[in-house]
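In what follows, a structure is listed as structure tokens, so that the remarks can point back to it.
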Amino acid sequence: MRLREILLTLLVLMFIISMSEETCTSRLHITAVEGEPFYLKYCSSSAKHENKTTTMKWYKNQLHGPVELSSSSSPRIILLGYVLEFWPVELNDSGSYSFRMGNDTYDWKLNVIRRSKHSCFTEKQVISKVVEVKKSLQIACEHSYYQKLANRTLLYKNCGKIENNQNPFLRKNAEFKDQGYYTCMFLLHHNGKLFNVTKTFNITIVGDKSNIIPALLGPKLTPVKVELGKDVQLNCSALLNEKDVIYWNIWKENGKDPNVHEEEVMKIRTSEGKWLASKTLRIENVNKKNLNFLYNCTAASKGGIDTKSFILLKKEDMVDIPGHIFTRGMIVAVLISVVVVCLVTVGFIYRVDLVLFYRHFMGRDETLADGKTYDAFVSYLKECQPENGEEHTFAVETLPRVLEKHFGYKLCIFERDVMPGGAVVDEIHSLIEKSRRLIIVLSKSYMSNEVRYELESGLHEALVERKIKIILIEFTPVGDFTFLPQSLKLLKSHRVLKWKADKSLSYNSRFWKNLLYLMPAKAVKPCKDEAEVLPVLSQS
Ligand SMILES: *[C@@H]1O[C@H](CO)[C@@H](O)[C@H](O)[C@H]1NC(C)=O
Ligand SMILES: *[C@@H]1O[C@H](CO)[C@@H](O)[C@H](O)[C@H]1NC(C)=O
Ligand SMILES: *[C@@H]1O[C@H](CO)[C@@H](O)[C@H](O)[C@H]1NC(C)=O
Ligand SMILES: *[C@@H]1O[C@H](CO)[C@@H](O)[C@H](O)[C@H]1NC(C)=O
Ligand SMILES: *[C@@H]1O[C@H](CO)[C@@H](O)[C@H](O)[C@H]1NC(C)=O
Ligand SMILES: *[C@@H]1O[C@H](CO)[C@@H](O)[C@H](O)[C@H]1NC(C)=O
């Protein structure tokens, strides 16, 4: 016979054997679990051709001889020709059974064992299977006899239900965590009672059986920078087979250094079933003797060895900035930034004083070369009640007293300085041209005055053409500035000074400082004989 034919024959034979094994009970010694449905079936080689009328008999062999079984001997027993069914089998069903048909006899020894109280399966009834990791793991809940009777089939792993109950069938690539007990449970209804038949597999996952050559991880030579007096740990890791070893060679001619200690090996199983082992060498209080010595780590198996070396080198001292210097540097940098921020803030708050101080200190004078006559032209409400209005007093007396007498400026006040007669508007125009600043004293009545309109044209020209700087003094609170000419509204708010009769009297008050700040720098020394508080308004 050719090889192919032999194989085919073998396959067919195996098929027949497995078929008959599953459906009929060929084993002599049988174990069953109490409480589960159970059957015995005679293996008839030519069952189909048998004479249907041939009598088939079942016996249970008692001490005093065989006793024929019939449906009346027990309500749990059913005789179905070649098959004897138990619904269910109980402990006292243990014993020897015989089937007789004509001259044929067949005997079985049945051992009914106790059901496990704490588990969904009975340990003596498990089918062991070994599966290699990464290979296919299959668990099919099949039962040649009861499957077709089962209403439902459930699959459990270690007695926990696997949520796949419609078709309890597991097929996957095996991982180590798949190891465990898989129980198929077939639920059957019989005579209105619910029974279950279990079939349990003990699945063991084993690693790939092929051996690898051990391999140490990392470069062949690892230099490690150390500081004398510090501790250091050298970590040696390797990929190994289960039985391989990993160790350090730390012995010198005169024995090993007392400060060198080998730690226990640590092993983790990889998903391929190999081992990732690591062994640490701990060197305490590194000294000169530990330097420049090759600490070798070796992994060894039957197939070969692998070695790698570590060498301790002294860390150069000045490579890094020492910690305390770095910390100090940080603190200094932070302090400097804080100081700078404070200076800028203070400078902003006291900028007026600083500018005035600077002007005073440097003797700056911007009025010398511009060919203008006046430092400021003062515009205010004049006509209505000329002599007793507060604005009038302020503009004609207080302003000149402070700015001219005390600080040495030259003001142009229309009413005081201009001869009567002549075209007012032209006059104003030319006076503004001759002035370095335009001081406008604003009050509620300013807007209602017709002079304003005359002024406005000149003002506008001055603003647009000459770019004269304007200083607004809010004499009484005005609130809204909508009545002002368009160009005036564009003034920055710090060019609007608020006069407060009670607070602004002293020459050192913020009002006068701000006004001086807006006035041109001038080097003229004022005469110092004035009182510190202005007499004019303090009387009123
Ligand atoms: C079947 O058995 C009956 C009696 O048990 C016998 O009369 C008959 O001849 C048998 N037939 C065959 C085909 O063996
Ligand atoms: C299941 O298999 C494991 C591994 O082969 C074995 O140690 C254990 O004893 C088995 N359990 C039973 C109940 O046979
Ligand atoms: C279970 O299946 C049997 C037939 O196999 C049927 O007679 C019975 O009604 C079913 N019971 C339930 C609860 O489905
Ligand atoms: C299976 O049957 C046994 C005995 O009849 C019973 O104790 C157990 O609770 C049943 N298990 C399930 C899941 O029905
Ligand atoms: C040593 O190295 C291996 C691999 O890099 C790592 O898994 C292990 O945790 C390390 N051991 C120690 C003690 O650092
Ligand atoms: C370590 O290995 C190197 C080369 O691999 C070898 O020259 C040296 O002697 C070894 N040292 C020890 C202590 O085994």
Side-chain angles (χ1 to χ4, degrees), residues 31-38 76 86-91 93 112-133 137 139 141 143 146 149-162 165 168 174 176-207 209 214-219 222 224 231-240 246 248 261-271 273-283 295 297 299 308 310:
T31 306
V33 178
E34 66 164 320
E36 288 191 4
F38 176 75
R76 297 183 286 105
F86 296 84
W87 291 93
V89 70
E90 293 296 354
L91 285 178
D93 292 326
V112 181
I113 57 170
R114 283 194 186 282
R115 164 178 293 272
S116 166
K117 289 231 166 47
H118 313 291
S119 178
C120 62
F121 63 93
T122 306
E123 290 205 352
K124 284 183 188 150
Q125 280 291 77
V126 299
I127 304 159
S128 285
K129 271 192 181 180
V130 174
V131 180
E132 233 178 75
V133 71
L137 165 67
I139 290 164
C141 286
H143 200 292
Y146 288 113
L149 303 172
N151 294 67
R152 282 179 75 198
T153 307
L154 306 176
L155 179 59
Y156 294 81
K157 182 188 177 187
N158 296 330
C159 292
K161 206 185 265 183
I162 295 180
N165 291 329
F176 285 104
K177 66 180 168 61
D178 293 330
Q179 182 155 317
Y181 296 97
Y182 291 82
T183 304
C184 296
M185 186 171 284
F186 305 90
L187 298 178
L188 317 166
H189 287 274
H190 185 264
N191 282 348
K193 279 195 194 159
L194 180 67
F195 296 90
N196 60 59
V197 177
T198 61
K199 188 170 172 183
T200 299
F201 302 93
N202 179 11
I203 302 289
T204 306
I205 311 287
V206 295
K209 294 213 177 67
L216 288 160
L217 309 181
T222 310
V224 180
D231 296 355
V232 69
Q233 291 204 343
L234 307 179
N235 182 2
C236 178
S237 307
L239 197 59
L240 302 174
I246 179 169
W248 285 91
H261 307 281
E262 213 176 345
E263 304 281 358
E264 284 301 308
V265 65
M266 314 243 288
K267 278 173 140 192
I268 306 167
R269 186 150 65 170
T270 66
S271 56
K274 299 302 164 207
W275 293 89
L276 190 63
S278 64
K279 192 157 199 175
T280 304
L281 191 70
R282 190 161 46 83
I283 304 175
Y295 290 95
C297 172
K308 67 176 279 188
F310 291 78

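Counting starts at 1 for both ligands and their atoms, in listed order. Keep in mind that the numbers below use all heavy atoms, side chains included, and drop hydrogens, waters and symmetry copies.
Around atom NZ of Lys129, more than 12 heavy atoms belonging to other residues, nucleotides or ligands sit under 6.0 Å away. Crowding of Arg76 atom CZ: a count of heavy atoms from other residues, nucleotides or ligands under 6.0 Å exceeding 12.
Checked against the 6.0 Å centroid criterion, the rings of Tyr181 and Phe201 do not qualify as a close aromatic pair.
Between Tyr146 and Trp87, the angle of the ring planes goes over 60°, which puts this pair in the perpendicular group of the 30/60° scheme.
A cation-pi arrangement, defined by a distance under 6.0 Å to the six-membered ring centre and an angle within 45 degrees of its axis, is absent between Arg152 and Phe186.
Looking only at distances, no side-chain donor or acceptor of Gln179 sits under 3.5 Å from a matching main-chain atom of Thr204. Here the side chain of Lys161 pairs no donor or acceptor atom with the backbone of Leu155 at under 3.5 angstrom. Using modelled atom types, one side-chain atom of Gln125 and one backbone atom of Thr31 make a donor-acceptor pair closer than 3.5 Å.
Within the 4.0 angstrom cut-off, atom 9 (O) of ligand 2 has no protein heavy-atom neighbours.
Looking only at protein heavy atoms, the nearest one to atom 13 (C) of ligand 4 is Met185 SD, 3.3 Å. Nearest protein heavy-atom contact of atom 7 (O) of ligand 5 is Leu276 CD2, 4.7 Å. With respect to atom 5 (O) of ligand 4, the closest heavy atom belonging to the protein is Gly35 O, 3.8 Å.
An N or O contact shorter than 3.5 Å links Thr204 to ligand 2 by distance. When only interatomic distances are considered, the shortest N/O to N/O separation between Tyr181 and ligand 2 falls below 3.5 Å. Taking distance alone, with nitrogen or oxygen atoms compared against 3.5 Å, Gln233 stays at or beyond that limit from ligand 5.
Checking Thr198 against Glu36 by side-chain atom types alone, a donor-acceptor pair falls below 3.5 Å.
Near Asn235, the atoms of ligand 5 lying under 4.0 angstrom from a non-hydrogen atom of the residue are 1 (C), 2 (O), 3 (C), 8 (C), 10 (C), 11 (N), 12 (C), 14 (O). Counting the atoms of ligand 2 from 1 in the order shown, those under 4.0 Å from a heavy atom of Asn202 are 1 (C), 2 (O), 3 (C), 8 (C), 10 (C), 11 (N), 12 (C), 14 (O). Every atom of ligand 5 with a heavy atom of Thr280 under 4.0 Å away is listed here by number and element: 13 (C). Counting the atoms of ligand 4 from 1 in the order shown, those under 4.0 Å from a heavy atom of Arg115 are 2 (O), 3 (C), 4 (C).
Summarising the contacts of atom 3 (C) of ligand 5 with Ser237, Ser278, Ala277, the nearest heavy atom is found in Ser237. Compare Asn196, Thr198, Leu187, Val197 by their heavy atoms: the one nearest to atom 11 (N) of ligand 4 is in Asn196.
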